[in-house]
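Fair warning: this is a prediction, and the values are worked out from it, not measured in the lab.
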Amino acid sequence: MFFRMITGAFRRQWKKMLMIALTVALGASIATAMLNVMLDVGDKINEELKAYGSNITVVPNSQAVMSDLYAVEETETKDEFLKEETLGEFLTIFWANNITDFAPVLDTSVNVNGNDIQLIGTWFDHHFEFKKKGTVYQRDTGIINLRSWWDITDGKWMDEAKLSGDQYAMTGRKTADMLGVSAGDRITVKSSKGTEELEIVGIFESGDDEEDCIFTTLSVAQRLSGAEGKYKKAEVSAITSPDDELAVKAAKNPDLLSGDEYDLWYCTAYVSSICFQIQEAIPEASARAVRQIADSEGKILEKTELLMALITLMSLIGATLGISNLVTSSVMERSAELALMKAVGAKNGQITFLVLTEIVLTSILGAAAGYFMGYAFAQVIGQSVFSSAIEMSGMAAFLVMVLIIAVTLVGSIPAVRMILRLRPSEVLHGGH
Amino acid sequence: MKLLELKDVTKRYGSLYALDKVSLSIDKGEWIAIMGPSGSGKSTMMNIISCMDRPTEGQVIFNGRDITKDSRKKLTEFHRDKIGLVFQQFHLINYLNAVENVMVAQYYHSMPDEKEALEALERVGLKDRAKHLPSQLSGGEQQRVCIARALINSPELILADEPTGNLDEANENIVLDLFRQLHKEGTSLIVVTHDPEVGEVAERVVRLEHGKIISDKKNNQFSE
Ligand SMILES: Nc1ncnc2c1ncn2[C@@H]1O[C@H](COP(=O)(O)OP(=O)(O)O)[C@@H](O)[C@H]1O
Ligand SMILES: [Mg+2]
C-alpha cells in the first residue's frame with residue numbers, strides 16, 4: 001500500500017519530482033566534481049611533494065643567474081651543460097650520505113615519424129662509480145626513485161644493468177598513444193645530430209607533462225644532442241632538516257652569518273647548506289632548493305581547495321533553497337490529499353514519512369545522475385586545470401550522498417512544518 | 001443509549017460565533033439530519049463532532065467520556081477508530097483506484113486487506129468498478145467509493161457533510177438507500193444537508209441558524 005501510494009504520487013507529480021531530481025543533480029554534480037578534484041589533486045600533489053625526493057636541482061651556473069634574473073623556472077635559449085664527471089661530486093661532499101638519489105637530465109627535441117617530441121636522457125636504475133683521490137665511490141640510483149608516482153601501464157621499469165647497449169626508452173602514455181606503440185616496439189628517433197633506433201621498455205602514466213616525453217638513456221640523448229659526456233641538469237634527492245631561522249638567514253646570504261652560526265649551519269643538513277656544499281664541490285654549478293616552488297604550489301592548492309569548498313557549499317545551499325521551494329509547492333498542491341489521509345486516521349509522522357520517502361528517493365535518483373555529471377565535470381576540470389585525469393574516490397561519493405540527503409531533509413523542513421499545521425477540517429470542508 | 005453529547009459548545013472565529021452554545025444529544029443508532037442555510041455552522045459542528053476541530057468552549061462527550069481535553073494524537077486515534085467521514089467533494093486520492101482508496105483507510109487504521117475492501121465496494125454496488133481510477137467513475141460512483149471508505153473500519157458513527165450536494169437525483173437516491181441500509185444495521189448517522197429531500201428521510205432533523213439550534217424534531221414520516 002505504502003509502495004502504491006509512493007509510485008502513484010510519483011506518477012502524478014512527475015514534473016515536480018523531475019524538477020527536484022534536477023535540482024539535486026545539479027547540486028550533486030558540482031559537489032561531486034569539486035570534492036573529487038579536491039581529494040584527488042590534493043592527494044596527487046601531496047604525494048608528489050613527498051615523492052619528490054628531488055628537492056634540489058643542480059644547473060650550470062650561468063643558467064642559474066639567468067633564471068634568477070628573469071624569475072623564470074627554466075630558460076633554455078642558450079644551451080649550457082655540466083660535465084658528466086661532476087655527478088660524482090654528490091658522493092664526495094660532507095652530506096653525501098644524506099643524498100639518497102640523483103639523476104642527470106639532458107633534454108633535446110627530436111622527431112619521431114614526423115612528430116616533434118621532447119626527448120629526455122637520464123639514468124633509470126643506474127650503477128654509478130666514481131674515483132677521486134684513490135677512493136672509489138659507487139651508488140645505484142636514477143629516476144626510478146625520483147618518479148615513484150609513475151604508473152607503469154605497459155612493460156616495466158628500465159633496468160639498465162640487465163639491458164645490453166643503450167638504445168632503449170620509456171615513453172609517456174600520451175606519447176605512446178600518439179605514436180601508436182606499445183612496450184616491445186621500436187621507434188626511430190631523429191635529431192639534427194643523428195638517428196637512433198630505440199626499443200620501448202615501458203609505458204608510464206605520470207599525470208603531468210612528462211607523459212608527453214620520451215625518456216631514454218643519458219648516452220643516447222648525448223649522441224642525439226651532440227653533447228657527449230654532458231648533462232643539463234641534475235635532480236638530487238636529499239634528506240634535509242626542516243628550515244628554521246638560522247636556515248632562512250643563511251639562505252639569504254651565508255656570508256652574513258657569524259662564525260659560530262656558520263659552523264652550526266654548515267654542519268646541519270639544511271637544504272641550503274647542502275646546496276652550498278654542492279656548489280663548493282662543483283664551482284661551475286648552481287644548486288637550488290626546489291621545495292620553495294612546491295611550497296608555493298601547496299599554498300595555491302590550499303586556496304584553490306578553499307575556493308572549491310566554497311563553490312560546493314554555495315551549490316548545496318542553492319540546492320537546499322530550490323528543494324525547499326519545490327517540496328513546499330508540491331505539498332501545497334497535495335494538501336487536500338494529505339488532509340484526507342489525516343482525516344482517515346494518518347498520524348503526522350506517517351504522512352511526513354510518506355512525503356519524505358518520496359522526496360528522498362527522488363533525491364537519491366537525482367544524486368546518482370548528478371554523480372555521473374559530476375564525474376564528467378571533474379574530468380573536464382582535471383584535464384583543463386591540472387592536466388591529469390581525476391580518480392573518483394569512494395569517500396567523495398559517500399560524502400556527496402550524505403550531503404545530498406542532509407540537503408534534502410533540511411530543504412524539506414518548511415514542507416514538513418506545513419504538513420504538521422495542515423488541518424483536515426479547514427482543507428476538506430473548505431469552499432462551501 | 002447515548003452515543004454523543006454536545007454541552008454548550010461554542011466555536012468562535014474572531015468575533016464570529018460559528019456555533020453559539022449548542023447542546024445536542026444523540027443516541028446510538030440514530031439517523032440525524034442537520035439542516036440550515038449556508039454559513040449557519042453545520043460544517044463547524046461536523047468538525048467538532050469528528051474531533052478534527054476543538055470547541056472554543058463547552059464539552060464533547062462520546063460514549064460517556066469527555067474528549068474535549070484529549071491530546072491531538074489521542075483524538076486522531078479516536079476519530080480513526082470510531083468515525084467514518086463522507087464529504088461533498090468526495091476527496092478520493094486520484095492516483096489510486098477505487099479499491100486502493102478504500103484500502104488507504106485500512107492502512108492508516110490497521111492493515112490493508114484487499115478482500116475486505118472489495119466486500120465494502122460490493123456493499124455499495126461497485127465491485128466491478130474496483131480497479132477504476134476516480135476520474136473514470138461518475139460522481140455518484142465516487143461518492144459510493146467514499147462511503148465504502150467510511151465504512152471499512154466499522155465506525156460507530158458516520159458523518160456526511162452534504163453527501164448529495166454534487167449528485168444528481170438518481171445518484172442521490174442510491175446514496176440515501178445506502179444510508180437507509182446502514183441505519184438498519186445499527187450504524188449511527190449524522191448527515192449535514194440543506195436539501196429538504198435528504199432531510200426528510202432522516203429519523204430526526206436538527207435545524208441550525210447563525211450557530212444556534214432553532215428546532216430539533218423527530219420526523220413523523222420516518223419509516224424503517
Ligand atoms: N476556519 C474558519 N475561519 C473563519 N471563519 C470560519 C472558518 N470556518 C467557518 N467559518 C465561518 O463560520 C461560519 C459557519 O461556517 P460553516 O460551519 O462552514 O457553515 P455551513 O457549513 O453551515 O455552511 C461561517 O460564517 C464561516 O464563514
Ligand atoms: Mg458547510
Side-chain angles (χ1 to χ4, degrees), chain A residues 1-18 20 327 329-359 361-362 416-432, chain B residues 11 38-39 42-48 50-54 72-73 76-97 99-114 117 133 146 149-150 152-153 155 159 161-162 165-166 192 194:
Chain A
M1 195 68 220
F2 184 71
F3 180 72
R4 270 297 288 130
M5 277 153 72
I6 298 254
T7 53
F10 272 132
R11 232 178 302 138
R12 191 167 86 108
Q13 289 202 307
W14 66 270
K15 273 188 198 152
K16 207 143 252 152
M17 293 298 174
L18 193 69
I20 293 177
V327 177
S329 85
S330 145
V331 164
M332 222 135 76
E333 220 171 69
R334 296 170 62 184
S335 61
E337 173 194 328
L338 300 177
L340 184 270
M341 289 176 188
K342 280 196 181 188
V344 298
K347 297 198 177 106
N348 279 330
Q350 289 174 303
I351 296 180
T352 305
F353 184 69
L354 176 76
V355 172
L356 285 186
T357 306
E358 284 169 26
I359 306 298
L361 277 179
T362 310
V416 168
R417 291 183 50 176
M418 198 171 226
I419 291 173
L420 299 184
R421 276 203 309 266
L422 200 64
R423 304 274 294 271
S425 60
E426 278 164 30
V427 181
L428 299 179
H429 294 276
H432 61 101
Chain B
K11 180 73 187 180
S38 195
K42 306 183 297 291
S43 294
T44 306
M45 191 161 159
M46 293 274 297
N47 289 338
I48 286 173
S50 64
C51 309
M52 295 203 301
D53 214 343
R54 287 175 198 273
R72 167 159 292 215
K73 186 163 166 270
T76 303
E77 279 167 14
F78 174 82
H79 159 102
R80 184 187 72 191
D81 294 341
K82 310 279 183 191
I83 293 166
L85 288 173
V86 178
F87 311 95
Q88 179 175 1
Q89 286 101 335
F90 323 135
H91 292 301
L92 295 173
I93 296 178
N94 57 14
Y95 53 82
L96 298 180
N97 63 32
V99 68
E100 285 166 344
N101 262 287
V102 175
M103 284 159 73
V104 169
Q106 289 177 313
Y107 175 73
Y108 286 120
H109 180 263
S110 44
M111 279 282 285
D113 177 345
E114 185 156 10
L133 290 174
C146 197
R149 182 178 64 192
I152 189 71
N153 297 319
L159 281 172
D161 193 354
E162 306 272 11
N166 283 349
V192 165
H194 57 245

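- Residue A:Ala339 does not touch chain B at all, counting heavy-atom pairs closer than 4.5 Å.
- To the nearest 0.5 Å, the span separating OG on B:Ser43 from CE on B:Met52 amounts to 9.5 Å.
- When all heavy atoms of B:Arg149 and B:Ala105 are compared, the closest pair comes out as CG-CB, 3.7 Å.
- When heavy atoms are compared at a cutoff of 4.5 Å, A:Leu338 does not approach chain B at all.
- Across every non-hydrogen atom of A:Leu354 and A:Phe2, the tightest pair is CD1-CE1, 3.5 Å.
- Only the side chain of B:Asn94 comes within contact range of chain A, with heavy atoms under 4.5 Å apart.
- Counting heavy-atom pairs closer than 4.5 Å to chain A, the top residue among B:His79, B:His109, B:Glu100 is B:Glu100.
- Heavy atoms of A:Arg12 lying under 4.5 Å from chain B belong exclusively to its side chain.
- To the nearest 0.5 Å, atoms CD (A:Gln13) and CD (A:Glu358) are separated by 7.0 Å.
- Interface remark: of the candidates B:His91, B:Arg72, B:Met46, B:His91 forms the most heavy-atom pairs closer than 4.5 Å to chain A.
- For the options B:Thr44, B:Val104, B:Leu85, heavy-atom pairs under 4.5 Å to chain A are most numerous at B:Val104.
- Contact of B:Ile93 with chain A is made through the side chain alone, with heavy-atom distances under 4.5 Å.
- Under the rule for a side chain to side chain contact (heavy atoms under 4.5 Å, CB included), the partners of A:Lys347 that lie at least two apart in sequence or sit in another chain are A:Gln350, B:Lys73, B:Glu77, B:Arg80.
- Contact between B:Asp53 and A:Ser425 at its shortest, heavy atoms only, is OD2-OG, 3.9 Å.
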